[in-house]
Amino acid sequence: MKILLCSEGTERSRNAIQLCLRIASATRSEVTIFGITELESDEIPLLEALRQTQRAFLAEGVNVEILSKHGDPISEIAKRAVEGNYDLIVIGGEAKPGGQISVLSQKAYEIIELLVRPVLVVPVPRPDIRRILICSGGATYIEAAIKLVIGLARDLNASVTLFTVLPEAPVMISDRIEPEVDVETLLASNSVLGHNLRSEKAMIEAAGISTEVRVRSGLVHLEIAAEIESGDYDLVVLGSKPSRDVFSDYLLGNMTRRLVNWVSRPVLVVASEIPDQRPRSWLERITGRTAQG
């Protein structure tokens, strides 16, 4: 695996550096430590900080190189990620409970939105990964996240929990299921959600990884927060899909932005592949007609 570790050369990057070192050492990954400063005059002290980080990686036997740039951080990270064809981008973050949006979290979200590849945001210290929570809505776009997590969990010797939130009235499941839905009933159902969760669980277990499925009912962001705290997870994984209209983009983007901003855990966002077709307008999605038709 090729990892791009983005560093400002400041204390705020320390959490991302420590977790990246742990992951790179366990997965035997190649790492590029990429330093970005907005002012050219800051590039020399940045380079010295990068060299110190490089020595820590080399001491753990990690194959690492350093690069530095001055300019706009978001555009430079995006450009480097594409040029280097990295499998994982690691950046710092800043959790703000209560919904406050920090500048650092805003940058993290913009990077996630811009890059159609896995981005790991590290807002708090979490030097080891033993328990991984995958937030799955039961849709197929989570498969890319699961494939990445399988490799990480196997190398880090971590367990995985597949987690989904049902509305209080479970309208998304089959009418054959009783109103009081438990995990075993859901997994045994003929619903799309039950089928997809079964497939996801089987895929992870086939790799020899301890896996469980947990279900909560209520508001998505509140139930995710409650599950994170009760399970004391080390890593939260979100899948995302390219939106095909402005309405969906607003809803999906808002949820991802909210979670990245206030979840006090490292958050890994894994985008599915972009469909090779023109985005549809909201009206086209409602009517089922194309702009030509």
Side-chain angles (χ1 to χ4, degrees), residues 3-7 12-24 74 77 81 86-137 141-142 144-153 156 158-165 214 216 220-241 251-272:
I3 300 176
L4 181 66
L5 169 61
C6 304
S7 173
R12 293 195 305 186
S13 301
R14 182 176 296 276
N15 296 330
I17 290 170
Q18 290 178 343
L19 187 56
C20 182
L21 177 55
R22 175 72 182 95
I23 292 173
I74 295 173
I77 289 172
Y86 294 94
D87 303 299
L88 178 64
I89 317 300
V90 182
I91 59 179
E94 186 176 2
K96 287 282 187 179
Q100 302 176 53
I101 298 177
S102 68
V103 174
L104 194 59
S105 292
Q106 176 64 22
K107 288 183 178 180
Y109 178 74
E110 289 181 24
I111 292 170
I112 290 169
E113 194 175 46
L114 190 61
L115 297 177
V116 187
R117 60 192 67 219
V119 178
L120 173 60
V121 184
V122 189
V124 294
R126 211 72 186 186
D128 211 353
I129 302 294
R130 293 299 181 192
R131 291 175 57 79
I132 300 175
L133 181 71
I134 301 179
C135 299
S136 171
Y141 66 82
I142 198 68
I146 288 176
K147 290 176 182 178
L148 179 58
V149 168
I150 286 174
L152 292 174
L156 292 166
S159 64
V160 172
T161 297
L162 282 167
F163 175 67
T164 194
V165 180
R214 289 185 57 80
R216 285 179 178 265
V220 175
H221 66 286
L222 294 180
E223 296 306 325
I224 289 176
E227 180 63 27
I228 290 171
E229 292 301 321
S230 65
D232 192 27
Y233 298 96
D234 301 299
L235 177 64
V236 178
V237 181
L238 308 173
S240 69
K241 61 180 179 180
L251 292 178
L252 292 172
N254 185 54
M255 180 57 66
T256 303
R257 184 190 301 265
R258 179 179 292 179
L259 292 173
V260 168
N261 190 58
W262 54 250
V263 169
S264 58
R265 295 292 191 280
V267 177
L268 174 61
V269 182
V270 183
S272 63

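Position 1 is the first residue of the sequence; numbering continues from there. All values derive from a computational prediction rather than experimental measurement.
In this structure, the separation between SG on Cys20 and CG on Asn15 is 12.5 Å, given to the nearest 0.5 Å. Between Arg214 atom CZ and Phe163 atom CZ the span is 7.5 Å, to the nearest 0.5 Å. Rounding to the nearest 0.5 Å places CG of Leu21 at 9.5 Å from CG of Leu5.
Here the shortest heavy-atom pairing between Ile142 and Leu238 reads CD1-C, 4.4 Å. Nearest heavy-atom pair, Gly92 versus Val121, reported as atom, atom and distance to 0.1 Å: O-CG1, 3.9 Å. Closest heavy-atom contact between Val90 and Ile3: CG2-CG2, 3.7 Å. For Ser7 against Ile17, the heavy-atom pair with the smallest separation is OG-CD1, 4.1 Å. The two residues Pro266 and Leu235 come nearest to each other via the heavy atoms O-CD1, 3.5 Å. The nearest pair of heavy atoms linking Leu19 to Val122 is CD2-CG2, 3.9 Å.
Between the Arg117 side chain and the Tyr86 main chain, a donor and an acceptor come within less than 3.5 Å of each other.
Under 4.0 Å is where a charged nitrogen must lie from a carboxylate oxygen, and between Asp234 and Arg130 no such pair does. Using a 4.0 Å cut-off between charged side-chain N and carboxylate O, Lys147 and Asp87 make no salt bridge.
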Point to revise | Step-by-step side-chain contact (heavy atoms from CB on, under 4.5 Å) determination, Val160 to Val149 | key: CA-CA 8 Å; Val160 172; Val149 168; 3.9 Å; yes

Practice item. Assess whether side-chain contact (heavy atoms from CB on, under 4.5 Å) is satisfied between Leu133 and Ile228, documenting all intermediate values. Key: CA-CA 8 Å; Leu133 181 71; Ile228 290 171; 3.8 Å; yes

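By the 4.5 Å heavy-atom criterion applied to side chains, Ile132 and Val237 are counted as neighbours. Between Gln18 and Arg22 the shortest side-chain heavy-atom distance does not fall below 4.5 Å. Between Val269 and Leu120, the closest side-chain pair of non-hydrogen atoms is not below 4.5 Å. The side-chain heavy atoms of Leu268 and Pro118, taken from C-beta on, include a pair separated by under 4.5 Å. Side-chain contact between Ser264 and Glu229: present, with at least one pair of heavy atoms (C-beta onward) separated by less than 4.5 Å.
Cation-pi geometry between Arg131 and Tyr233 is satisfied (NZ or CZ under 6.0 Å from the ring centre, within 45° of the ring normal).
When only modelled atom types and interatomic distance are considered, Arg216 and Ser230 share a side-chain donor-acceptor pair under 3.5 Å.
Looking at Thr164, Val236, Ile146, Val270 one by one, the single match for side chain to side chain contact (heavy atoms under 4.5 Å, CB included) with Ile134 turns out to be Ile146.
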